[in-house]
Structure formats: C-alpha cells, structure tokens
There are 2 protein chains.
Amino acid sequence: MLTKLEEFILLSVWRLGENAYGATIFRYICDTTGKNLSLGGVYFPLERLTHQGYLRSYMGITTPERKGLSRRYYKLTPKATAALEELRRINETMWAGFPDWAASVQSISK
Amino acid sequence: MLTKLEEFILLSVWRLGENAYGATIFRYICDTTGKNLSLGGVYFPLERLTHQGYLRSYMGITTPERKGLSRRYYKLTPKATAALEELRRINETMWAGFPDWAASVQSISK
DNA sequence: TCACTTTTTCTACATTTTAGAATACGCTTC
DNA sequence: GAAGCGTATTCTAAAATGTAGAAAAAGTGA
C-alpha cells in the first residue's frame with residue numbers, strides 16, 4: 001500500500017502538471033498540509049516511486065536561462081493513476097459519514 | 001502527522017463504535033482496503049496511539065461467557081476527533097478535482 | 001486433562017521518514 | 001575570473017514505522 005507521503009507526492013505531481021519537480025512538490029505539500037517536511041523526505045520517495053513505475057522523470061532541458069541546478073521533472077504513469085483511483089475509492093469508504101465530511105459530499109444526510 | 005495506518009485505525013475505531021477491539025479493527029481494515037495487514041501491525045500502533053492520547057482503552061469485563069482472552073476495547077479521545085477533522089480537510093484539498101472524485105463531490109464539474 | 005477458538009502480546013527484520021549536511025550549477029558583482 | 005548568492009538535487013545516519021509470524025493467555029467443550 002502507498003504510504004501517506006507517497007499518496008501526497010503523487011497527488012502533487014498530478015496537480016502541478018508541467019511544473020512538477022522536487023522543490024515545487026516539496027513546497028506544495030508543506031503549504032497544503034501545514035507540516036514541515038524535510039527536503040530529503042521528498043526526493044527519496046520520488047526516486048522510489050520512479051523505480052516502482054509510478055513516475056517517469058526527465059531533466060528540464062528547455063529555457064536554461066534560469067539560475068541553479070537543472071530541474072528534474074516528474075509525470076504520473078498509468079500505474080500511478082490507477083493506484084490513485086483505487087486509493088480514492090478506499091478513502092471514500094473509510095471516511096464516508098464522518099462528521100463534517102457530510103457538508104461537502106452529496107447524498108449523505110446524517 | 002498521522003500515518004496512513006494510524007488514520008485507518010482511528011477511522012475504524014470510530015466506525016466500529018462499541019465493538020472496537022484489536023481483532024475487529026484488524027478485520028475491518030483488511031476488508032475495506034483489500035490488503036493483508038499483519039495482526040501485530042495493528043496492535044502495535046493501537047498502543048502507540050493510546051500512549052499519544054488519541055485513544056482510551058479498557059478491558060471488556062461484561063458478558064464473560066465467551067471464549068478466548070478478554071478483549072481490550074478502544075475509544076476515540078477528543079484529540080483524535082480533532083486530528084481526524086484536520087486530516088479530512090487536508091485530504092479534501094489534496095484530492096479536490098481528481099478524476100472520478102467528481103462523481104461523488106458537489107460543485108466540481110470537470 | 002487436552003485440544004480448540006478467540007484474542008492479545010512479543011520478537012526479529014525490512015522499509016520509510018526525519019533532519020540536515022554536502023554538492024552542483026549558473027548568474028552577478030567586484 | 002574568483003567569490004558569493006540563489007535554486008535544486010543528492011547523500012547519510014539515526015529514528016520511527018510496518019511486516020510477518022510465532023508464542024502465550026484464557027475460557028469452552030469433549
């Protein structure tokens with residue numbers, strides 16, 4: 001099963017689209033969760049997920065007029081999309097009916 | 001931050017109500033996720049969560065006419081409820097707009 | 001008493017996370 | 001053209017967490 005961090009990383013890659021690389025993913029997760037991750041704690045799972053076939057990565061070759069080391073960008077593979085959809089279903093079942101959840105989900109009235 | 005297992009354990013305790021003890025929690029999570037957890041992998045975090053103040057536990061003293069070791073029941077503390085509500089908010093933000101999610105959530109049209 | 005069922009507890013090992021230091025690269029400035 | 005700065009990635013060691021399964025506990029029934 002994907003860990004929570006892996007789940008969040010995959011979702012971040014999906015959401016950031018063309019702009020998904022280590023540093024932006026790190027910042028996005030920190031901002032959204034309000035927690036302080038460590039940088040290493042995002043780069044390491046990125047590699048792991050790539051090895052496991054959830055992500056494809058490629059070096060940024062375009063527009064090299066910016067400062068710094070060249071970026072390594074990430075994209076979801078179909079395997080990742082499938083895993084996320086399964087996870088979404090599991091999450092939905094687990095959380096169904098939890099107080100306050102009702103406010104944003106249809107067809108649960110309690 | 002709570003791990004995924006801890007999240008699922010807390011949700012199971014909430015859902016199982018008066019019937020939340022190690023073995024039922026274990027079975028509920030296995031059934032819902034379709035994964036094979038190990039038993040030890042549920043008892044250990046249960047103790048951890050209790051120590052950290054997310055759960056209160058008490059031994060089952062009622063109706064001792066059943067077989068087996070006496071059960072240790074669990075209940076959520078207010079700290080756990082608060083953590084779950086925060087997590088729900090984070091999850092909602094992370095998952096908002098993800099394909100297929102739309103089917104069960106209001107006001108997302110894409 | 002012995003075997004059986006349900007449940008918890010324990011142990012050893014593998015994986016994942018945390019925290020932060022080290023390294024890389026390309027501008028800019030002196 | 002060397003030094004410093006900002007953006008990024010890579011690496012390392014320690015701590016926390018998860019996996020797998022064996023062992024133990026307690027009551028029931030043969």
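Naming convention: chains lettered A, B, ... in sequence-line order (proteins, then strands); numbering from 1 in each chain. Side chains included, hydrogens not; waters and symmetry mates left out as well; all remaining heavy atoms used.
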Nearest whole angstrom, please: distance from the [atom2] of [N] to the [atom1] of [X].
X        : N       : atom1 : atom2 : result
Ile9(A)  : dT17(C) : CD1   : C1'   : 11 Å
Phe8(B)  : dT17(D) : CZ    : P     : 17 Å
Leu46(B) : dT19(D) : CG    : C1'   : 16 Å
His51(B) : dA16(D) : NE2   : P     : 14 Å
Met1(B)  : dT17(D) : CE    : P     : 12 Å
Leu69(A) : dA8(D)  : CG    : C1'   : 5 Å
Leu2(A)  : dG18(D) : CG    : P     : 14 Å
Ile25(B) : dT6(C)  : CD1   : P     : 18 Å

Next item on the list: Using a strict cut-off of less than 4.0 Å between a Lys/Arg side-chain nitrogen and an Asp/Glu carboxylate oxygen, indicate whether Arg72(A) and Glu47(A) qualify as a salt bridge.
Entry: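 Here Arg72(A) does not pair with Glu47(A) in a salt bridge, since their nearest N and O are not under 4.0 Å apart.
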Notebook entry, point to check: Between Glu85(B) and Arg89(B), is the closest basic N to carboxylate O distance under 4.0 Å?
Noted result: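 No.
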Item checked: Euclidean distance, Arg88(B) CZ relative to Trp95(A) CH2, rounded to 0.5 Å ->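 If we round to the nearest 0.5 Å, Trp95(A):CH2 and Arg88(B):CZ are 7.5 Å apart.
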Checklist line | Proximity to the side chain of Leu37(A) - top-ranked nucleotide from dT7(C), dA24(C), dT18(C) | finding: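 Out of dT7(C), dA24(C), dT18(C), the nucleotide with an atom closest to Leu37(A)'s side chain is dT18(C).
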Note to self: If you only use heavy atoms from C-beta on, which nucleotide in dT7(C), dA8(D), dT17(C) is closest to the side chain of Arg27(B)?
What the structure shows: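 Among dT7(C), dA8(D), dT17(C), the one nearest the side chain of Arg27(B) is dT7(C).
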Checklist line | Of Thr24(B) and Val42(A), the one whose closest DNA chain C nucleotide lies more 5' | finding: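 The residue mapped nearer the 5' terminus is Thr24(B).
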Next item on the list: Name the residue closer to the 5' end of DNA chain C, choosing between Tyr21(B) and Phe44(B) according to the nucleotide with the nearest heavy atom.
Entry: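 So the residue in question is Tyr21(B).
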OP1 or OP2 of [N] versus the side-chain N and O atoms of [X]: is any pair under 4.0 Å?
X        : N       : result
Arg48(B) : dG18(D) : yes
Arg71(A) : dC25(C) : no
Thr3(B)  : dG18(D) : yes
Arg72(B) : dA25(D) : no

Margin query: Under 4.0 Å, counting only non-hydrogen atoms across every strand here, what does Gly41(A) touch: a base, just sugar-phosphate, or nothing?
Written below: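 Touches a base.
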Margin query: Within the 4.0 Å heavy-atom criterion, would you say Leu5(A) contacts the bases, only the backbone, or no part of the nucleic acid?
Written below: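 If one applies the 4.0 Å heavy-atom cut-off, Leu5(A) turns out to touch the sugar-phosphate alone, with no base involved.
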Check: Picking from Leu11(B), Val13(B), Leu37(B), what satisfies side-chain contact (heavy atoms from CB on, under 4.5 Å) with Ile25(B)?
Finding: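 Testing Ile25(B) for a side-chain contact (heavy atoms from CB on, under 4.5 Å) against Leu11(B), Val13(B), Leu37(B) leaves exactly one candidate, Val13(B).
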Notebook entry, point to check: Would you call the rings of Tyr21(A) and Tyr73(A) parallel, tilted or perpendicular if under 30° counts as parallel and over 60° as perpendicular?
Noted result: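 Correct class here is perpendicular.
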